[in-house]
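Whatever order the structure lists ligands and atoms in, that order sets their numbers, starting from 1.
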Amino acid sequence: MSKALKNFVAGQWIGSDKTFDKISPFDGTHVAVVHEASAAMVEEAVTRGHDVSIGCDASRWGGLPMKQRLAVIHDLADKLMAHVEDLVEAEVADTGRSYWQASIFDGARAARLFRAYADAAASLENRSMQFSGEMGFRGMWYTTRRPKGVIACICPWNVPLLMACMKVAPALVMGNSAILKPSEETPSSATVLAEVIAASDVPEGAFSLLHGFGAGSAGEFLTSHPKVDAITFTGESRTGSAIMTAAANGLREVSLELGGKNAALVFEDAHMDAVAEGMTRSAFFNCGQICFCTERAYVHRSRFDEYVEMMAGIANGIVIGEKNHNGFNIGPLIGHGHRDKVKALMETVPTHGGEFVAGGGIPSFGDERDNGAFIQPAVAVGSPEDSPFVKQEAFGPVLHVAPFDDDDEAIALANDTQYGLAACIWTENLSRAHRVAPRVRVGHAWINSWQIRDLLSPLTCAKASGVGDQGGRQSLEFSSLPQTVTTRIFEENPACP
Ligand code: NAD
């Protein structure tokens, strides 16, 4: 029997008379009935969140000494670790990905984020300084980091648990109230997360979970609420723009991680075995649904044919739709709506003069998986650089490949996009790698690798890929308000010789 997923508001599980169905992208079966949060629930979550972070009841959370709050977070991290299997199960049910992937990429890694953020917050130093000011006064100032208040955490569906934890953990650690709005496509792992938080010592109201959609639903109600003090959002660039507009009312702070059309540059001296391993993951991991995934590969002309043949062989050999496969494999796209979008983009390839050397279609299994949202991993050549397939984010397992002749041309091709999220540089010449990296306008450049990532490293986005920084110290700073306190020092004071 499928589950009923409710909202968690001010310590209570609340149902709604408005519901929607979560359908499995793996086989079309019914996963859950999801209760959509109303405007009244958003109001209650925000009001109570304000009270316990910076309002009348702040002594219960925002006003707690950091050490006490971090003890609660460490205990929560232990509880999450104890529920890793439930988290993995929820992620597999919503996304159709394999247990292998959900275990290595999502489950425990997400739970560890709470511990990592608590440790990082414990080592945040406060600054202080003595000074001589105007008219001969002496003084001393110090800064402390105060909670910002209510932080709305609006998440996408691609790595739902990880994204939720990357936003909720730093918000809670710094004494804010976190209100999580997961994607309507992936409500399950957020619900398990809320269940674990409900059973922890995080006080009632410091965390709320609201299910629903964006425009005209929980997402918009939340981001346009004047008592939401900051918004951290990951999703499409178009949605980011709508959220920034909503946040302008009241001048509330935003952190936006948005879309990408990431390039890989494969130079003539690249180590092709390493490229094969790295690009299998960078083009196809999670069925191409990672914001850092590579959708464009520019390859030195001398290695172009070799590379194309290699990537076509890799794409054709990928295991698809085996939930219990214990090695690299891909599941479906998140749903039929998204598959229609990816498929439509793929259909533009032949009409613009390109051709597929692998994939380009829908796989047939002859069983219930044919009701799922699977797609074949695809490699295409010959598409003009101004064609939709090269310009638009697919967020699927697709790779455009084109040749270049020198470093300047490679860099120009990589930068010829509205986005600026990530890039990979494949070369055995490290001087070249470090020369090229700063010329590619992206927030994160990998050299001879992809997605080797410390989750506390800064994530910055250029151009239409985002606004503000996240990750580690940046997320803790976004989640707090530095306050400066200045006091006068009286020189004749015997306590200050
Ligand atoms: P999306 O923008 O459609 O939705 C993301 C979230 O925003 C969902 O929870 C949705 O309900 C909510 N939302 C939609 N409209 C809203 C509105 N008007 N007001 C408030 N909330 C609203 O994105 P998606 O389809 O879930 O995710 C895929 C996108 O996310 C891709 O573009 C991908 O590149 C991007 N992404 C970026 C990063 C990054 O780090 N830069 C990471 C993961 C995903």
Self-check item: Side-chain (Asp27) to main-chain (Glu368) donor-acceptor, under 3.5 angstrom
Solution: no
Quiz item: Can you name the residues that come within less than 4.0 Å of ligand 1, going by heavy atoms only?
Solution: Ile154, Cys155, Pro156, Trp157, Asn158, Met163, Lys181, Pro182, Ser183, Glu184, Phe213, Gly214, Ala215, Gly219, Glu220, Thr223, Phe233, Thr234, Gly235, Glu236, Thr239, Ile243, Glu257, Leu258, Gly259, Cys291, Glu393, Phe395, Leu421, Leu459
Quiz item: Are Phe395 and Trp157 near enough that their ring centres are under 6.0 Å apart?
Solution: yes
Per-pair distances, 0.1 Å, donor-acceptor, side chain in residues 33-43, under 3.5 Å, sequence neighbours excluded:
{"from": "His35", "atom 1": "ND1", "to": "Ser16", "atom 2": "N", "distance (Å)": "2.8"}
{"from": "His35", "atom 1": "ND1", "to": "Ser16", "atom 2": "O", "distance (Å)": "3.2"}
{"from": "Glu36", "atom 1": "OE2", "to": "Ser217", "atom 2": "OG", "distance (Å)": "2.7"}
{"from": "Ser38", "atom 1": "OG", "to": "Ala40", "atom 2": "N", "distance (Å)": "3.4"}
{"from": "Ser38", "atom 1": "OG", "to": "Met41", "atom 2": "N", "distance (Å)": "3.2"}
{"from": "Glu43", "atom 1": "OE1", "to": "His225", "atom 2": "NE2", "distance (Å)": "3.0"}
{"from": "Glu43", "atom 1": "OE2", "to": "Thr47", "atom 2": "OG1", "distance (Å)": "3.4"}

Practice problem: Please determine if Arg473 and Glu477 form a salt bridge, counting it only when a charged side-chain N lies under 4.0 Å from a carboxylate O. | Solution: yes
Quiz item: Can Glu322 and Arg369 be counted as an ion pair, charged N to O under 4.0 angstrom?
Solution: yes
Self-check item: Phe478 six-ring centre to Lys148 NZ/CZ under 6.0 Å and within 45° of normal
Solution: yes
